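All of these numbers come straight from a predicted model, not from anything done at the bench. A, B, ... follow the sequence lines: proteins, then strands. Residue 1 opens every chain.
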Amino acid sequence: MVAEVLGSIKENLKTALISAKAEGKIDFVSIPEFVVEVPREKQHGDFATNAAMLLTKEAKLPPREIAKLIVQFFPADNQYVASLDIAGPGFINFKLNNSWLYQVVPEIISKRENYGTINLGKGMKVQVEFVSANPTGLLHMGNARGAALGDSIANLLKAAGYDVEKEFYINDAGNQIENFAKSLEARYLQLLGQDVPFPDEGYHGEDVIDTVKLFTDQFGDKYLNVDVELRREMLIKYALDEKLNAIKNVLKNFGIEYDVWFSEQSLHDSGAIQETIETLDERGYLYEQEGALWFKGTEFGEEKDEVVVRSNGVPTYFAADMAYHRNKFKRGFKWVINLWGADHHGHVSRMKGAVKAFGYDPDQLEVVIMQMVRLFQGGEVVRMSKRTGTYITLSELTEEVGKDAARYFFVMRSADSHLDFDMDLAKSQSQENPVYYVQYAHARISSILRQAAEAGLEVPSVEHVDLTLLNKPEEIELIRKLADLPEVIGGAAQALEPSRMARYAHELASQFHSFYTVCRVLGDEKSITEARLILVSATQTVLQNVLRLIGVNAPERM
RNA sequence: GCGCCCGUAGCUCAAUCGGAUAGAGUAUCUGACUACGAAUCAGGGGGUUGGAGGUUCGAAUCCUCCCGGGCGCGCCA
């Protein structure tokens with residue numbers, strides 16, 4: 001509905017300018033890309049445009065003069081616009097009549113869980129890859145942030161009409177896997193009473209010992225006196241499987257299901273890496289130096305070239321990553337989105353360089369960089385270190401804080417700001433905790449509808465109710481908020497910013513609470529009760545839709 | 001040293017393509033529960049947007065320099 005209103009205003013603004021030009025009042029070649037938006041200040045009307053100011057240079061007239069002309073020539077028959085005002089340096093403010101708002105409510109009631117979706121993506125194939133942690137340990141707070149953000153971004157893009165696939169890239173190859181194998185081996189031998197040193201660069205976490213215990217429960221000392229290679233192979237095979245399953249489970253408990261789990265090792269096995277290297281070589285982007293094979297990153301604006309095959313013949317992680325991204329584009333994704341931690345930001349431009357080398361548009365690859373998470377507990381920073389094993393895992397987070405609060409906290413902040421995660425606040429079941437504010441609004445609504453049902457009052461069907469009875473400021477404002485959802489989803493999807501949805505959820509809840517304080521739903525006048533029941537039901541739907549996008553539950557009681 | 005991100009109210013953060021008087025939450029102060037859930041609402045105070053220049057009708061936003069914090073800069077991933 002907002003889209004229709006905006007469209008009609010934009011159209012009429014253009015008509016006004018063209019009419020003014022035809023009358024010789026103003027001269028310009030083309031109409032600039034002006035915006036019609038909701039002003040920050042309510043007193044500036046329902047919508048405002050900067051069109052007049054943008055034309056200043058070209059028309060060689062002061063902005064307020066142009067604004068006067070626009071107002072003068074603005075078609076009088078626009079069904080939504082009640083009045084126009086010129087304000088400030090040359091803004092034109094529109095005041096609307098409320099007719100369009102009363103059309104929003106039935107729209108929500110009829111679309112229900114689909115209200116808010118828009119067809120921005122037109123079915124474009126998009127891939128969102130996130131978390132993609134090494135299967136050598138447990139997921140930590142950083143992974144958790146990536147999980148919450150990535151899943152919400154995927155949900156947003158789906159709601160905006162994209163054809164989305166969620167993918168987890170399993171880093172199950174390379175040096176860290178060998179390192180992991182050595183750690184497992186050391187723990188295994190230690191467990192069997194051997195006095196062997198633990199590798200310096202090994203994985204010190206307790207969970208590695210747990211994994212080896214499980215292995216030993218099953219196989220005992222079967223691999224004590226065998227070839228080192230075989231022992232490591234069996235250990236790593238078992239451990240990767242076990243770790244990956246653990247990761248899948250933890251993410252599932254966090255409300256996240258992937259479409260594809262993609263193994264790095266499979267790129268080695270299938271020859272995809274070799275093929276990628278050959279392709280780059282054929283195109284002349286590789287050269288040999290000091291026994292290694294290098295990618296000419298500098299030809300794509302990089303600071304330096306990168307090794308793709310080491311002098312020992314083993315391809316680097318970068319080689320695998322190139323093959324992986326080539327594979328993504330070969331699968332037909334038109335928009336490839338990666339969520340990376342800030343510690344990987346240095347890889348963005350070289351990955352884009354690689355994409356370009358394959359002949360794809362580097363802009364089709366979009367890397368969302370998220371900054372580090374700092375954990376606070378008892379007002380103090382908790383240092384997290386994988387080496388020493390002192391870190392909060394995602395499963396501990398889910399258990400202690402709960403999925404809803406945790407996901408809300410991660411999504412609440414934009415990805416590129418450092419996140420201070422306050423454990424105590426997230427855990428607290430008090431008014432300080434923002435997630436309850438939103439959920440409480442939903443619980444309140446559920447309670448009203450429950451009591452209405454008990455009293456034999458069902459939510460009536462819209463066509464039999466006079467919605468214009470909803471005319472108090474709190475009611476109008478609430479409907480207004482409900483009307484914004486599609487636009488908010490569109491903006492958040494394009495900007496890849498799920499934090500906007502958390503903010504919207506909070507604003508909507510706030511508007512509902514204000515309404516609730518002023519307007520009694522279950523009252524004496526039947527016609528008003530009916531209209532308000534519909535409004536409340538519509539609000540419930542919108543709250544549910546928004547919370548679903550960010551993976552937070554909408555409880556009926558709390 | 002070079003590159004990227006960040007610096008906004010006491011604290012945690014917004015501000016969508018450069019727009020109007022920089023907004024929320026929290027903390028603090030004042031007020032509201034004898035009908036739908038007070039995990040709520042209404043209101044007050046709180047700012048040189050790290051600093052200095054510049055660009056223009058207009059800058060938290062863009063440019064230059066400086067200060068402070070984080071993260072990178074490997075034949076690791």
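- Atom pair A:D422:CG and B:C13:C1' shows a separation of 13 Å (rounding to whole Å applied).
- Across the strands present, B:A42 finds its partner in B:U30; the criterion is a Watson-Crick or G-U wobble pair with both atom distances under 3.5 angstrom.
- In this structure, B:A24 and B:U12 make a Watson-Crick or G-U wobble pair, each of the two defining distances being under 3.5 angstrom.
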Review item, side-chain donor-acceptor pairs of residues 483-497 of chain A, under 3.5 Å, at least two apart:
| from | atom 1 | to | atom 2 | distance (Å) |
| --- | --- | --- | --- | --- |
| A:E497 | OE1 | A:R500 | NE | 3.0 |
| A:E497 | OE1 | A:R500 | NH2 | 3.4 |

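- Salt bridge present: A:K68 and A:E65 bring a charged side-chain N and a carboxylate O closer than 4.0 Å.
- Rounded to an integer number of Å, the gap from A:L425 CG to B:C13 C1' is 12 Å.
- Judged purely by distance below 3.5 Å, without hydrogens or angles, the side chains of A:N171 and A:Q176 never pair a donor atom with an acceptor atom.
- Ring-plane geometry between A:F295 and A:F300 is classed as parallel, the angle between the planes falling under 30 degrees on a 0 to 90 degree scale with a further cut at 60.
- With respect to A:K60 and A:E58, no salt bridge is recorded, no charged nitrogen being found less than 4.0 Å from a carboxylate O.
- Note on A:K182 versus A:E201: no salt bridge recorded, every NZ/NE/NH1/NH2 to OD/OE distance being 4.0 Å or above.
- Among the candidates A:E306, A:E299, A:E303, the single residue satisfying the salt bridge (Lys or Arg N to Asp or Glu O under 4.0 Å) test with A:R350 is A:E306.
- The partner of B:U48 is absent, by the rule that a Watson-Crick or G-U pair needs both atom distances under 3.5 Å.
- Using the Watson-Crick or G-U wobble rule with both distances under 3.5 Å, B:C71 pairs with B:G3.
- B:A52 and B:C57 are spaced 24 Å apart, taking the C1' atom of each and rounding to whole Å.
- With rounding to whole Å, A:L419 atom CG is found 12 Å from B:U12 atom P.
- Atom pair A:R145:CZ and B:U12:C1' shows a separation of 13 Å (rounding to whole Å applied).
- In this structure, CG of A:L543 is placed 15 Å from C1' of B:U40, rounded to the nearest angstrom.
- Taking for each of A:R413 and A:A509 the nucleotide of RNA chain B with the nearest heavy atom, the 5'-most of the two is the partner of A:R413.
- When both distances must be under 3.5 Å, the Watson-Crick or G-U wobble mate of B:A60 does not exist.
- In terms of the side chain to side chain donor-acceptor pair (under 3.5 Å) criterion, A:D424 has no residue partners (sequence neighbours excluded).
- Straight-line distance between the P atoms of B:A24 and B:A14: roughly 16 Å, to the nearest whole Å.
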Report task. Determine, for nucleotides 70-77 of chain B in 5'-to-3' order, which nucleotides have protein heavy atoms under 4.0 Å from the base (write B), from only the sugar-phosphate (write S), or from neither (write -). Result -> SBSS-BSB
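- Ring orientation note: the planes of A:F262 and A:Y169 are tilted relative to one another, at an angle of 30° to 60°.
- Sequence neighbours left out, the pairs with a member in residues 480-507 of chain A that pass ring pair (Phe, Tyr, Trp, His ring centres under 6.0 Å) are A:Y437-A:H506.
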Query raised in the report: Can you give one letter per nucleotide of nucleotides 15-20 of chain B, 5' to 3': B if a protein heavy atom sits under 4.0 Å from the base, S if only from the sugar-phosphate, - if neither?
Result: SBB-BB
Report task. Let me see the working for A:E530 and A:K526 under salt bridge (Lys or Arg N to Asp or Glu O under 4.0 Å), right down to the final yes or no. Result -> CA-CA 6 Å; A:E530 287 183 335; A:K526 190 173 175 238; 3.5 Å; yes
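- Under the 4.0 Å criterion applied to side-chain N and carboxylate O atoms, A:E167 and A:K328 are not assigned as salt-bridge partners.
- Following rounding to the nearest Å, A:M412 (CE) and B:U26 (P) show an atom-to-atom distance of 12 Å.
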Query - Per-nucleotide protein contact string for nucleotides 27-39 of chain B, where B marks a base within reach and S marks sugar-phosphate only (heavy atoms under 4.0 Å, - for neither) - result: S-------BBBSB
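- When the P atom of B:C57 is taken as reference, atom CD1 of A:I66 falls 13 Å away, rounded to whole Å.
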